[in-house]
Amino acid sequence: MVDILGKGKKFDLMWDLVREMDDLNDGYVTLATMGKIMRRLARGGRYDEAVEAFRGLDKFGVTRDAMAMNLLMDALAKEKSVEHAYEAFCEFKDCTPLNIRTFNILIDGWCKAGKLENAERTMDEMKKHGFVPDVVSYTSFIEHYCREKDFRKVDEIFKEMQEKGCKPNAVTYTIAMHALGKAKQINEALEVYAKMKSDGCLPDAKFYSSLIFILSKAGRIKDANEIFEDMKKQGVMSDVSTYTTMISSACELSQEEDALKLLRKMEDSCKPNLKTYAPLLKMCCKKRRMKVLNFLLIHMFRNDVSIDAGTYTLLVRGLCMSGKLELACSFFEEMVSKGMVPMNATYKMLVEELNKNCMGEAKEQIEKLMSQVKPQESV
DNA sequence: TTAGGGTTAG
């Protein structure tokens, strides 16, 4: 069912159909389907309809249990509409089972929206319902204070967790360490790593990937490499994000050989994605390495990774800056032919360069292409 | 069914 939900009008048609369905459902509509419908509606700003879908669950023989409730809460809160999630929570809390996740979704939503008082109020409400705040609840608050760079408050929450006997986990430590690294407090970030180890909490691939990132950004390439080697010894497999971080760091240093070696090596354990290729492509444009660029495009094709609008933009701009205008034009054309609309700034940059280089014919071609696309769909 | 990173510019 979900697979044929389709996009745009097709989705609306399916949603109308589901709405008009009655007890003839016969199990075609499952909670998973309804979860996706609610998410899709919330994403389109159709909050009331998402709530309506939840209200109608009984009709399909789908139980309105805590899991169903959380799917609705998550759909609404994820789409930057924690207020709507809370409204729905108030409507259903007395007639639907709740669990700790229901509250954690709301707490995280309030924290991400910067509405701390509401987050605290929801935490109190959670306690009244007999749930004890867990590591996820506290981590949402830590994330909020990290975003605010209020590390004194972050420490306070760590202390509170200790008092309550709630152990931070790899996610909690990743958030704190990453934020300190971003705030250029690299030593404090490394202290978090030390504390984590002394607490007996095992780092995972995502944690290592963050650690490698902040070390690289701080220019501590040797340390980053050591961590990359060390994680294997600790029994944690590098994943696509670890490799992407390492590749991106090598590219920033223009270390082409190292970057390509990593790309080759990662294929033994995981598949590169668009984010892996982006820094490589950027480096090739900058260094005018057209043969390597070509190699990468073939590599991407082989790995079934197709170029998105952001990557086309990167290519067009990168090639413009390196004076490879013919190639820039052909990527621009390819982008448009795939139905993507270039940003005005990218278009202007290309036209300006073509002008400077007296490439009148190519300029006309680009202008003609641009006049055929709808500007409101700019990406 | 809940929490974790850069990623198009600069």
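- When rounded to the nearest whole Å, the span between OH of A/Tyr86 and P of B/dT2 equals 21 Å.
- Here B/dA3 presents its C1' atom at 14 Å from CG of A/Asn70, a figure rounded to the nearest Å.
- Distances shorter than 4.0 Å separate none of the side-chain N or O atoms of A/Lys182 from OP1 or OP2 on B/dG4.
- Residues of residues 347-357 of chain A having a heavy atom closer than 4.0 Å to DNA chain B: none are found.
- Rounded to a whole Å, the CE atom of A/Met343 is 13 Å from the C1' atom of B/dT7.
- Within the nucleic acid shown, A/Ala66 comes within 4.0 Å of at least one base atom, counting heavy atoms only.
- Nearest nucleotide to the side chain of A/Thr174, out of B/dA9, B/dT2, B/dG4: B/dG4.
- Formation of a donor-acceptor pair under 3.5 Å by the A/Asn303 side chain with backbone atoms of A/His299 is found in this model.
- Within 4.0 Å (heavy atoms only), A/Thr245 reaches at least one base atom of the nucleic acid.
- Residue contacts for A/Phe207: at a heavy-atom cut-off of 4.0 Å it reaches a base atom on one of the strands shown.
- Listed by chain and number, the residues in a ring-ring contact (aromatic ring centres under 6.0 Å, His included) with A/Tyr138 amount to none (sequence neighbours excluded).
- The A/Arg101 side chain lies nearest to B/dT1 when the options are B/dT1, B/dG5, B/dA3.
- Contact check, A/Lys206 against B/dA3: no side-chain N or O comes under 4.0 Å of OP1 or OP2.
- Among the nucleotides B/dA3, B/dG10, B/dT2, the one closest to any side-chain atom of A/Asn104 is B/dT2.
- Comparing B/dG10, B/dG4, B/dT7 by their nearest atom to the side chain of A/Glu143 picks out B/dG4.
- Between A/Leu211 atom CG and B/dG5 atom P the separation is 15 Å, expressed in whole Å.
- Ring pair A/Tyr193/A/Phe207 is tilted by interplanar angle, where 30° to 60° counts as tilted.
- Not a single side chain to side chain donor-acceptor pair (under 3.5 Å) links A/Arg64 to another residue, sequence neighbours left out.
- Atom-to-atom, CE of A/Met73 to C1' of B/dT2 comes out at 12 Å; the value is rounded to the nearest Å.
- Within the 4.0 angstrom heavy-atom criterion, base atoms lie near A/Asp204.
- Remark: A/Glu352 pairs with no residue by the side-chain contact (heavy atoms from CB on, under 4.5 Å) rule, at least two apart or across chains.
- Residue A/Ile214 contributes atom CD1, which lies 14 Å from atom P of B/dG5 at whole-angstrom precision.
- Closest to the A/Ser241 side chain, of the nucleotides B/dG5, B/dT8, B/dA3, is B/dG5.
- Contacts of A/Arg101 classified as side-chain contact (heavy atoms from CB on, under 4.5 Å), with partners at least two apart in sequence or in another chain: A/Asn70, A/Asn99.
- Using cut-offs of 30° and 60° for the angle between ring planes, the A/Phe131 and A/Phe103 rings count as tilted.
- The side chain of A/Ile105 sits closest to B/dT2 out of B/dG10, B/dT2, B/dT8.
- Across all strands shown, A/Ala170 has heavy atoms under 4.0 Å from base atoms, whether or not it also approaches the sugar-phosphate.
- Atom P of nucleotide B/dT2 and atom CD of A/Glu125 are separated by 21 Å, given to the nearest angstrom.
- Taking the side chain to side chain donor-acceptor pair (under 3.5 Å) definition, one finds that A/Gln365 meets it with nothing, sequence neighbours left out.
- Atom pair A/Tyr173:OH and B/dG5:P shows a separation of 18 Å (rounding to whole Å applied).
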